[in-house]
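Following this message is one structure expressed as structure tokens.
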2 protein chains.
Amino acid sequence: MELVGSLVRLMHVLQDLYAETSRPLGLTPQQAHLLCVLLDGPLGMTELSRILSIERSSLTSMVDRLERRSLVARTTDPNDRRACQIALSDAGSDLAHEAHNAFTGRISALTDDLPATHRKQLIAAITGITERS
Amino acid sequence: MELVGSLVRLMHVLQDLYAETSRPLGLTPQQAHLLCVLLDGPLGMTELSRILSIERSSLTSMVDRLERRSLVARTTDPNDRRACQIALSDAGSDLAHEAHNAFTGRISALTDDLPATHRKQLIAAITGITERS
DNA sequence: TATTGTTATACTCTATAACTATA
DNA sequence: TATAGTTATAGAGTATAACAATA
């Protein structure tokens, strides 16, 4: 099954690229991921932990570190006094956009020579894989 | 550029799957990766750190932990008294095969409904991407 | 001098278990 | 009772800088 090997190699290549791209921005890959997820809007801890596939207690310390750097802020949820919403600060939003653009640029450079038809097929195949997981 | 988003999602899906598969074997994803790399034969620290994309000092502690569990062993390099070779023990080899088979099974399950022609195209496209990195 | 690998140190990531406050 | 989030703790991953031994 050569496809499996290809996918695993691709995962590692993208992981390395993600790490190399995050580092010069002063972010770990996990921090970059968190910030980019928040680009779609604030989220509660439970929802964010689900999206990032980490325990809530692990997320607490990640958010602590990012909040100390004023990249995110916890705000209270008016509808549920137990809950909080994690939102990007202005600086966090800028950095998240910067990271997102950097990733996009780096990955585009790997794929920009694919003809449009192959590109469409590739998107369809990958989407099929990720939707089954 | 929708392709970039697809690739990033794929990376995260595969990372999660890799972690979920490693855990019940008592391995972190990084440890599983290390053991699987050694399936092709013993390697020196510098070469192994290059393959895993981590610093040699980080690798030292990883190998320490695996050696404490008797999954790998350091052997001296007869040609260079500075160097060592990291090799799988019998138990480490068994576990590496088990991990490899588990990954293969899980990823196959995501891709086994692709027709052979699409599969070939997908392998070609992915190989093109990874070879450029 | 250059290379191989290690040590020391400091952070970060992560999970488990126990906890508080609110629903 | 159940859920949202935190705290405490422990272990693992990682990088940087300095080092020892050998090439």
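Source: prediction; values computed, not measured. In what follows, every chain begins at residue 1, and chains take the letters A, B, ... in the order their sequences are listed.
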### Message
I'd like to know if B:Asp64 and B:Arg74 make a salt bridge, using a cut-off of under 4.0 Å between side-chain N and carboxylate O.
### Response
yes
Between CG of B:Leu25 and P of D:dA12 the distance, given in whole Å, is 16 Å
Taken to the nearest whole Å, CG/B:Leu59 to C1'/D:dT16 is 16 Å
By nearest-nucleotide position on DNA chain C, the 5'-leaning member of A:Gln30 and B:Ser61 is B:Ser61
Whether A:Thr46 contacts D:dT3 is assessed here as follows: a side-chain N or O lying under 4.0 Å from the phosphate OP1 or OP2. Is that the case?
no
Collect all protein-nucleotide pairs involving nucleotides 20-22 of chain C in which both atoms are nitrogen or oxygen and the distance is under 3.5 Å.
residue: C:dT22; atom: O2; partner: A:Arg82; partner atom: NH1; Å: 3.3

**Message:** Check the phosphate of D:dT3 against A:Arg56, side-chain N and O only, distance under 4.0 Å to OP1 or OP2. Yes or no?
**Reply:** no
Check whether any side-chain N or O of A:Arg23 sits under 4.0 Å from OP1 or OP2 of C:dT12, and answer yes or no. no
When we call it a touch if two heavy atoms are under 4.0 Å apart, what does B:Glu55 touch: a base, just sugar-phosphate, or nothing?
base
Separation of C:dT12 atom C1' from A:Arg69 atom CZ, nearest Å, is 11 Å
From CD of A:Gln31 across to P of D:dG13 the rounded distance in Å is 19 Å
Of A:Ser58 and B:Thr28, the one whose closest nucleotide on DNA chain D sits nearer the 5' end is A:Ser58
Whole-Å distance, B:Arg68 CZ to D:dA12 C1', equals 11 Å
Scanning both residues in full, the closest heavy-atom pair of A:Ser61 with A:Ser58 reads OG-O, 3.0 Å
Are the side chains of B:Ile54 and B:Met62 in touch, meaning some heavy atoms are under 4.5 Å apart? yes
**Prompt:** Under 4.0 angstrom, heavy atoms only, what part of the nucleic acid is B:Ser57 near: base, sugar-phosphate, or nothing?
**Reply:** base
In B:Ile51, B:Leu66, B:Ile86, the residue satisfying side-chain contact (heavy atoms from CB on, under 4.5 Å) with B:Leu38 is B:Ile86
A:Leu71 versus A:Leu88: any side-chain heavy-atom pair under 4.5 Å? no
Salt bridge check: are A:Arg132 and B:Asp112 linked by an N-O gap of less than 4.0 Å?
-> yes
Comparing nearest nucleotides in DNA chain D, the 5'-proximal residue of the pair A:Met45, B:Met62 is A:Met45
A:Asn79 atom CG is separated from D:dT3 atom C1', nearest whole Å, by 15 Å
A:Asp77 CG to D:dT3 P, in whole Å, measures 17 Å
Could you walk me through whether B:Arg106 and B:Leu110 pass the side chain to side chain contact (heavy atoms under 4.5 Å, CB included) check? CA-CA 7 Å; B:Arg106 289 288 303 272; B:Leu110 296 179; over 6 Å; no
(Q) With a 4.0 Å limit, can you tell me whether A:Arg74 has a side-chain N or O closer than that to the phosphate oxygens OP1/OP2 of D:dT6? (A) yes
A:His33 atom NE2 is separated from C:dC13 atom C1', nearest whole Å, by 14 Å
query = B:Leu114 versus A:Leu3: any side-chain heavy-atom pair under 4.5 Å?
reply = yes
Q. At under 4.0 Å, does any side-chain N or O of A:Thr60 touch on OP1 or OP2 of D:dG5?
A. no
